[in-house]
Amino acid sequence: MSGPSAPPLPATLPSHRSLIGSSAIFALGNGLSRVVSYVMPPALAAWLAPDEMGTIAVLTVFAIMLRTVLGLGVTTSAGALYFRSQDQGDRNAVIATSAVLIAAGGVLGTLLCLGFGASIGPRVVDGSHASGLMALAFGGVALQLLAQPFTMALQFQQRPGLHLAVTAATAAAGVILALVFVAALGRGARGWLEAAALSAALGVALAAFAADTKARHWAPSVARDLIRIGWPFVPGAAFMAVVQGAGPFILARMEGITSAGVYNAGYSFGMLMSLATTGFGAAWFPLFQSYASRQDEAPAAFARVLSWSIAGFGAGTILFYAGAPAAGLLLGDERYASATRVVGDVALVQALIGIWGILVPILYFREKIAWASAVQGVAAVVTIAATIVLVPLRGLDGASLGAVAGAMAMIVVQLVVNARMASPVGRFAGWGHALSGLAMLVMFIAIRSVAPSMAPLPSLMLGIAMAMMAFMLSTVLSRRARLL
């Protein structure tokens, strides 16, 4: 699938320094909401019982899955359509029409939750008010999605200061509302979901006001293009949500909602790794697309990126394994003591997803994006199967290791797919990369085995030493990579 046409160049090109500064501000703004969503649940562990934490986890997984389907991939296609026209009015219509489609999906999803919650609610979460909680959870994540077209507009318009102000205000509101509803009012899981929905609504209002697209009308032709371009990405996004979210859902079914709540506390810490991987992904996509017209140069460049990514993501993952005991101190509640066992595994899953993203450019160059969804589908099946097998054997560890198995399967299958394409662009991974990954795996197993029995400070010191060693060893091995 070809990328969007480039926007017209301004009269004066920004300096590299200003470009880097703007990118850093956008990254900070995009990361704030993620940090709040990952850090706040464990931070409120003293006021949330494990079963309430489990309710939040399971409902969030359900809501994200439903939002992914009803969102129609609009936020993905909006970026492509926005730059196809040089007319600002047409660009504004893309943003406005995207918001209308997302809002329609949000209303439909909320009605489905209310209408069918009584019958499907008990399959998702226990309780007599399941349908109301499902609608509340879905409404919150749908509102988060609704804000994205407007924050994207701020990015496309190169307004980093305003983007940061909107995202910071939304994140601050989320923290304050969560403290009020959960800690002060003691509303438990319902209070958390209410706070999330209210802060998301505020985020929509602030982002829409700041973007000021001046186009509020429905554009049927734009809507058709948004759905046509975005829909092929929906299955892959849904499969990826399964890889990352199957753990708490299966735990709740097999071991009870309390186990899902304990898992969610550790999961939230591990997901902080996604700040690095998603930030990398945002930079990687336009970079590899720039090689579409000079594919003979791509293998060497992509091999270098893969080498540094294995080293960087691997070293970061070791730090998460080593930092798990410190996460236990931050939780400060004996009920969540076992949550630290899954922190490193969850971070590893994010690292593997980041590595997988480096392997997919050939699918874009050959316009075979559906193959990426098929690979993600295999990963989802492996995740579900492995989790179902491992949870009875390992409990919380089984859920996190099931996700690791799925993410590893995704990389292996992608390498097989790439090898079947008669192009060096799909075959830039060498034996040096494989040896580097194997060395990292040995390090992961080692730190995973010893860190849980260590005090937080010695564990962190050991992790730092191992991360530095792993980074240097990985770069040496990767440099010896031979194209397959």
Side-chain angles (χ1 to χ4, degrees), residues 27-28 30-45 48 53-54 56-65 67-68 137 140-141 144-145 167 171 174-175 178 192 196 237 239-252 259-282 312-314 316-324 326-328 330-331 336 338-357 379-380 383 387 396-397 399-407 410 444 448:
L28 176 60
N30 289 330
L32 281 173
S33 60
R34 287 178 175 267
V35 170
V36 170
S37 65
Y38 297 146
V39 171
M40 284 306 292
L44 294 170
L48 288 170
M53 190 83 78
I56 293 171
V58 173
L59 286 174
T60 301
V61 170
F62 168 81
I64 289 175
M65 289 293 298
R67 182 190 70 177
T68 300
V141 298
Q144 291 171 4
L145 187 66
T167 52
V175 172
W192 168 263
F239 291 140
M240 195 65 76
V242 170
V243 171
Q244 300 186 78
F249 196 90
I250 294 175
L251 271 173
S259 293
V262 175
Y263 179 90
N264 189 46
Y267 175 89
S268 297
F269 280 117
M271 281 298 291
L272 289 171
M273 182 69 172
S274 69
L275 297 176
T277 56
T278 55
F280 167 80
F313 290 155
T317 301
I318 290 173
L319 293 177
F320 272 89
Y321 277 115
L330 295 175
L331 283 169
Y336 294 98
S338 57
T340 58
R341 288 160 33 197
V342 308
V343 172
D345 291 343
V346 174
L348 175 56
V349 171
Q350 301 309 305
L352 293 171
I353 291 173
I355 296 296
W356 172 77
T383 298
T387 304
L396 297 184
D397 291 28
S400 60
L401 290 173
V404 171
M410 188 163 64
F444 298 155
R448 190 182 192 276

Enter the distance from Thr277:OG1 to Trp356:CH2 here, rounded to the nearest 0.5 Å.
12.5 Å

Heavy-atom check, side chain of Tyr336 versus side chain of Pro42, under 4.5 Å:
no

Inter-residue atom distance Leu48.CG - Ile56.CD1, 0.5 Å rounding
5.0 Å

So, for Ala252 and Val58, which heavy atoms are closest and what is the spacing to 0.1 Å?
CB-CG2, 3.8 Å

Inter- and intrachain pairs under salt bridge (charged side-chain N to carboxylate O under 4.0 Å, His left out), touching residues 265-274, at least two apart:
none

Smallest heavy-atom separation, Gly266 atom then Val343 atom, equals O-CG2, 3.6 Å

I need the minimum non-hydrogen distance between Val242 and Thr383, along with the two atoms involved.
O-CG2, 4.1 Å

What verdict does the side chain to side chain contact (heavy atoms under 4.5 Å, CB included) test give for Thr387 and Phe249, after you've listed the backbone C-alpha separation in whole Å, the side-chain angles of each residue and the deciding distance to 0.1 Å?
CA-CA 10 Å; Thr387 304; Phe249 196 90; over 6 Å; no

Taking only residues two or more places apart in sequence or in another chain, which ones pass side chain to side chain donor-acceptor pair (under 3.5 Å) with Gln350?
Gln244

Derivation and outcome, side chain to side chain contact (heavy atoms under 4.5 Å, CB included), residues Phe320 and Leu272:
CA-CA 9 Å; Phe320 272 89; Leu272 289 171; 4.1 Å; yes

To the nearest 0.5 Å, how far apart are CG in Leu59 and CH2 in Trp192?
13.0 Å

What class does the angle between the rings of Phe444 and Tyr321 fall in, given that below 30° is parallel, 30 to 60° is tilted and above 60° is perpendicular?
tilted

CG-OG distance between Leu251 and Ser400, expressed to the nearest 0.5 angstrom:
9.0 Å

Looking only at heavy atoms, which two atoms of Pro248 and Val61 are closest? And how far apart?
CG-CG2, 4.0 Å

Do you know the tightest heavy-atom contact between Met273 and Ala347?
CG-O, 3.5 Å

Interatomic distance, CG@Leu396 vs CZ@Arg341, rounded to 0.5 Å, equals 4.5 Å

Going through the checks in order, is the side chain to side chain contact (heavy atoms under 4.5 Å, CB included) test met by Met410 and Val243?
CA-CA 10 Å; Met410 188 163 64; Val243 171; 5.5 Å; no

Quick one: pull up CG in Asp345 and CZ in Arg448 and give me the separation to the nearest 0.5 Å.
4.0 Å

Determine the minimum heavy-atom distance between Leu331 and Ala339, stating which atoms define it.
CD1-CB, 4.0 Å

